[in-house]
Amino acid sequence: MNIKLKIWRQKNQDSEGHFEEYSMTGIEEHMSFLEVLDLLNEQLFAEGKEPVAFDSDCREGICGQCGVVINGQAHGPIRSTTCQLHMRHLAEDPSFKDGSTITIEPWRSTGFPVLKDLIVDRSALDRIVQAGGYISVNTGAAPEAHSVPVQKDKADAAFEAAACIGCGACVAACPNASAMLFTGAKISHLGLLPQGQPERLARVVNMLNQHDAEGFGGCTNIGECAAVCPKSVPLEVITRLNRDLGHALWKGQKTTA
């Protein structure tokens, strides 16, 4: 197939960005989307031009480092990471024809400043975790695995929330650029377990304060975040976050415990 790539180019965080178009021929449908970007960069290298900067690591759908917005959708038209997207998935769209244009942009959020081209700084998510994503444990000895029983429904829900890989697709898809699905997942997977109870109320307050300080928007329950999450983290984690926040505020929890 023949395609056109309309790609966001931006030199650094302080410069203004713009779109540039590139024509490519002979693209095969079994090629992954990142392979197409690799091929484009080989062409640009050969022409003595600046290659397109984009992020990737495992390329196995595990880390989420590869995230970009493709034709207005975070990670593209399939519910997975960008590295798992293949050209056949794009070709399945009835509107896709030979020579169609594919628009590629970085995540859009105040909390995700663009470093270069399609690469954004997602360290804001790390700082949210640092604000409260931990538990109190005694170190030096491993407790018996069955010494603290956990109800199966809570264990399952905690595991479901812990599947979040912090790719940032929820932020990119949300009209408010909110990171509440991410924050709710990190709060849920600790708050559901017995080991996470001592810091439970302080955790939700501290992590939400950091969330807001990073410039992310508020949640208005649109649900786009859960719809694009490659690990299917459910919207219920936000409900659980709000319930914990209400309890914390009722108890007068405002700062770190």
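Taking R79 as the reference, nothing meets the salt bridge (charged side-chain N to carboxylate O under 4.0 Å, His left out) condition, with sequence neighbours excluded. By the ring-ring contact (aromatic ring centres under 6.0 Å, His included) test, F19 pairs with W8, sequence neighbours left out.
Residues I165 and P230 come closest through the heavy atom pair CD1-CG, 4.3 Å. Scanning both residues, S178 and G218, for their nearest heavy atoms gives CB-O, 3.7 Å. Annotation for P106 and V69: closest pair O-CG2, 3.8 Å, computed over non-hydrogen atoms. Closest non-hydrogen pair, A124 versus E214, comes out as CB-OE1, 3.4 Å. What you find for G67 and W107 is that their closest heavy atoms are CA-CZ2, 3.4 Å. Here the shortest heavy-atom pairing between A185 and C164 reads CB-CB, 3.9 Å.
Side-chain contact between M24 and L5 is present, with at least one heavy-atom pair separated by less than 4.5 Å. Side-chain contact between I135 and P198: absent, with no pair of heavy atoms (C-beta onward) separated by less than 4.5 Å. The closest side-chain heavy-atom distance from M180 to C225 is not below 4.5 Å. Side-chain contact between Q13 and D121 is absent, with no heavy-atom pair separated by less than 4.5 Å. Using a 4.5 Å heavy-atom cutoff, the side chains of E199 and N206 are not in contact. Side-chain atoms of I102 and N71, non-hydrogen and from C-beta on, do get closer than 4.5 Å to each other. Counting heavy atoms from C-beta on, the side chains of L125 and V129 never come closer than 4.5 Å. Q65 has its side chain out of reach of C83: every pair of non-hydrogen atoms, C-beta onward, lies at least 4.5 Å apart.
Comment: K152 engages D156 in a salt bridge, judged by a side-chain N to carboxylate O separation of less than 4.0 angstrom. In this structure, E20 does not pair ionically with K49, as no charged nitrogen and carboxylate oxygen lie closer than 4.0 Å.
Summarising the geometry, atom NZ belonging to K231 is positioned 14.0 Å from atom CG belonging to L181; distances are rounded to the nearest 0.5 Å.
Counted within 6.0 Å of OH on Y22, heavy atoms from surrounding residues, nucleotides or ligands total more than 12; the atom is thus considered enclosed.
Hydrophobic clustering (ILVMFWY, side-chain heavy atoms < 4.5 Å, transitive): I222 and V228 are in distinct clusters.
For the side chain to side chain contact (heavy atoms under 4.5 Å, CB included) with S109, the lone residue among V120, V171, N176 that qualifies is V171.
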CA sep, side-chain torsions, deciding dist, call: R200, D244, side-chain contact (heavy atoms from CB on, under 4.5 Å)
CA-CA 8 Å; R200 184 169 182 172; D244 279 5; 3.0 Å; yes

How far apart are the C-alpha atoms of T82 and H75, what are their side-chain angles, what is the distance that settles it, and do they pass the side chain to side chain donor-acceptor pair (under 3.5 Å) test?
CA-CA 5 Å; T82 301; H75 288 308; 2.9 Å; yes

Is there a side chain to side chain donor-acceptor pair (under 3.5 Å) between R127 and S123? Walk through the geometry before answering.
CA-CA 6 Å; R127 290 189 289 273; S123 60; 3.0 Å; yes

Under the criterion side-chain contact (heavy atoms from CB on, under 4.5 Å), I'd like the reasoning laid out for T81 against E60: C-alpha separation, chi angles, the key distance, then a yes or no.
CA-CA 9 Å; T81 53; E60 295 179 349; over 6 Å; no

Check step by step if side-chain contact (heavy atoms from CB on, under 4.5 Å) holds for K154 and L193.
CA-CA 7 Å; K154 291 188 176 181; L193 300 175; 5.7 Å; no

Mind running side-chain contact (heavy atoms from CB on, under 4.5 Å) on L249 and L245 for me, showing each step along the way?
CA-CA 6 Å; L249 296 179; L245 178 62; 4.1 Å; yes

